[in-house]
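Structure first, then comments.
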Amino acid sequence: MGKEREGDLPKGISRHRNKFRARVRIDGKWGYRTLEATTVEEVWKEHNRQFTTYEQTVAYGVERYIEHLDGKKRNGAPLYAPATIRTNRQRAKNVAKVWGEMRFDEIQTGDLYLWGDKDNAWRLIKQFSTMWSKWRRWQLFNLANPFENFEYDSDVIKGKRTRYLTNEEVQTICDTCYMLSKRKGRYRFTSAIRSWAVVVMIYLTGRRVSNVLSLKLSNLKDDGIHFYETKTKNHSIVQWSPALREVVDMIKIECAPTNKLSTVWLIPNTCGDEYRPHTFNSNFQDLMPHFIAAGVPYFQPRDLRAKYGTDHANGQKNLLHTNSATFRDHYDRLPQVVTPIK
């Protein structure tokens with residue numbers, strides 16, 4: 001092995017009496033500090049560890065990405081749905097917990113496999129890959145993409161949802177909510193009637209939870225219910241039907257705020273203010289044991305939207321999905337019926 005040359009050392013590092021030293025400013029004056037490294041390779045590692053700036057770390061990239069999520073707007077409106085922003089922000093923070101202190105150039109494909117074989121960790125890898133592409137676009141670095149040759153473990157990646165709610169299960173869910181809301185005393189679930197309202201509105205209209213909760217009384221017009229999609233920014237009108245009119249009239253009565261407070265929302269909270277998605281999710285999970293006890297296996301509110309898409313003759317069109325593959329993978333929950341050859 002040849003003699004180590006001075007040119008192999010980082011800038012500002014020199015050899016003195018068989019030791020390595022760095023030229024630094026001490027109390028405003030230039031001086032030298034002896035390094036612990038004994039080889040050129042160790043010198044580079046110590047130099048990178050001690051002189052790495054915050055802008056070269058994954059934590060800085062995550063911070064930039066979260067600012068991008070919160071500030072990205074189109075025509076004055078957020079580019080992403082609130083639920084998407086919450087999910088991606090939390091996953092980005094989880095990436096920072098794992099790789100935040102590492103520099104961009106330290107990320108290797110082999111390091112990713114340490115986390116790719118754990119339940120739900122593949123979601124972090126996908127989030128990391130998304131952020132990496134944006135960091136390169138923002139010119140934070142010019143490095144090879146460590147995700148290009150990464151192979152996701154198919155055993156831990158969860159497949160598409162196949163849960164299909166039957167008409168009987170939907171009826172049981174509605175009956176359970178209504179029964180719990182009418183209980184007396186401390187066993188009464190005051191939030192159950194609002195969960196019933198959200199469930200039945202998703203079932204009849206096929207809209208998302210966030211769209212149903214954002215409905216105002218002013219959205220109820222003569223030609224139907226006007227929805228403004230928070231995720232896709234589409235404007236849709238669900239025409240009136242006898243069942244939909246009956247349900248809306250019941251919601252106005254059953255979900256009215258306490259103490260006769262006025263409200264602008266179709267499904268308000270008890271004080272007449274907006275009934276927010278995270279509050280609904282928390283209340284809905286409290287009701288889940290009662291649904292299971294009534295004979296309905298675990299489900300998610302979005303399964304009701306999938307039921308609409310599956311059962312409706314114009315499911316894909318009414319859900320405003322232009323991509324037939326997306327509709328088939330996520331919303332068409334029943335198997336295809338085929339005929340034998342003879």
Flag if over 12 foreign heavy atoms under 6.0 Å of CD, Gln139: no
From Leu143 atom CG to Arg136 atom CZ, the distance as rounded to the nearest 0.5 Å: 7.5 Å
Stepwise side-chain contact (heavy atoms from CB on, under 4.5 Å) check, Val248 with Leu220: CA-CA 9 Å; Val248 169; Leu220 310 179; 3.8 Å; yes
same_hphob_cluster(Tyr203, Leu244) at 4.5 Å side-chain heavy-atom cutoff: yes
Close side-chain approach of Arg89 and Asp70, heavy atoms under 4.5 Å: yes
Lys93/Glu63 salt bridge by N-O under 4.0 Å criterion: no
Backbone N/O of Gly272 and side chain of Asn269: donor-acceptor pair under 3.5 Å: yes
Interatomic distance, Phe280 atom CZ to Arg194 atom CZ [nearest 0.5 angstrom]: 12.5 Å
Lys NZ or Arg CZ of Arg21 over Tyr32 ring: under 6.0 Å, within 45°: yes
Aromatic centroids of Phe141 and Trp132 separated by under 6.0 Å: yes
Same apolar cluster (I L V M F W Y, side chains within < 4.5 Å links), Met179/Val247: yes
Short side-chain to backbone donor-acceptor contact, Gln90 and Thr87, under 3.5 Å: no
OG-OH distance between Ser236 and Tyr228, expressed to the nearest 0.5 angstrom: 9.5 Å
ILVMFWY network linking Trp99 to Trp138, side-chain heavy atoms under 4.5 angstrom: yes
Leu180 reachable from Ile253 in the ILVMFWY side-chain graph, under 4.5 Å edges: no
Minimum heavy-atom distance Ser195-Cys177, with the two atoms named: CB-SG, 4.2 Å
Tyr65 and Val95, any side-chain heavy atoms less than 4.5 Å apart: no
Phe227 side chain reached by Leu215 side chain, heavy atoms, under 4.5 Å: yes
ILVMFWY network linking Val264 to Ile251, side-chain heavy atoms under 4.5 angstrom: no
Distance-minimising heavy-atom pair for Tyr308 and Leu319: CD2-CD2, 3.7 Å
Phe299 and Phe291 aromatic centres sub-6.0 Å: yes
Test of ring centre spacing under 6.0 Å for Tyr275 and Trp265: no
Salt bridge (charged side-chain N to carboxylate O under 4.0 Å, His left out) assessment of Glu229 paired with Arg207: CA-CA 8 Å; Glu229 308 279 349; Arg207 302 306 100 182; 3.0 Å; yes
Candidate pair Arg302 and Val209, rule side-chain contact (heavy atoms from CB on, under 4.5 Å), full reasoning: CA-CA 8 Å; Arg302 58 180 174 174; Val209 171; over 6 Å; no
Test item: Ser214 side-chain N/O and Asn211 main-chain N/O as donor-acceptor pair under 3.5 Å: yes
Asp249 atom CG: more than 12 heavy-atom contacts under 6.0 Å: yes
Asn219 and His226: CA distance, side-chain angles, deciding distance, side-chain hydrogen bond (donor to acceptor under 3.5 Å, both in side chains) verdict: CA-CA 5 Å; Asn219 295 116; His226 288 241; over 6 Å; no
Stepwise side-chain contact (heavy atoms from CB on, under 4.5 Å) test for Asn167 and Lys307: CA-CA 9 Å; Asn167 293 334; Lys307 177 176 177 57; 2.9 Å; yes
Qualifying residue for side chain to side chain contact (heavy atoms under 4.5 Å, CB included) with Met201, from Thr205, Leu204, Val198: Thr205
Distance-only donor-acceptor check, side chains Glu168 and Thr172, under 3.5 Å: no
Arg276, CZ atom: more than 12 neighbouring heavy atoms under 6.0 Å: no
Atom pair CG/CD1 of Asn145 and Ile107 - distance to nearest 0.5 Å: 11.5 Å
Closest approach of Gly61 to Leu140 (non-hydrogen atoms, all atoms of both residues): CA-CD1, 4.3 Å
Side-chain donor/acceptor of Ser181 to backbone N/O of Ile193, under 3.5 Å: no
Asn281 side chain vs Pro277 backbone, donor-acceptor pair below 3.5 Å: yes
Face-on cation placement of Lys182 at Tyr178 ring, 6.0 Å and 45° thresholds: yes
Ion pair Arg103/Asp105, N-O distance below 4.0 Å: yes
Interatomic spacing from CD in Gln285 to CG in Leu287 - rounded to 0.5 Å: 9.0 Å
For Val199 against Leu304, the heavy-atom pair lying closest together: CG1-CD1, 3.7 Å
Taking every non-hydrogen atom, the tightest pair across Thr57 and Glu101: CG2-O, 4.3 Å
CG-CD distance between Leu165 and Gln300, expressed to the nearest 0.5 angstrom: 10.5 Å
Flag for Tyr164-Asp303: side-chain donor and acceptor within less than 3.5 Å: no
Closest non-hydrogen atom pair between Met131 and Ala92, with its separation: SD-CB, 3.8 Å
side-chain contact (heavy atoms from CB on, under 4.5 Å) evaluation trace for His68 with Lys134: CA-CA 10 Å; His68 162 78; Lys134 292 191 177 296; 3.8 Å; yes
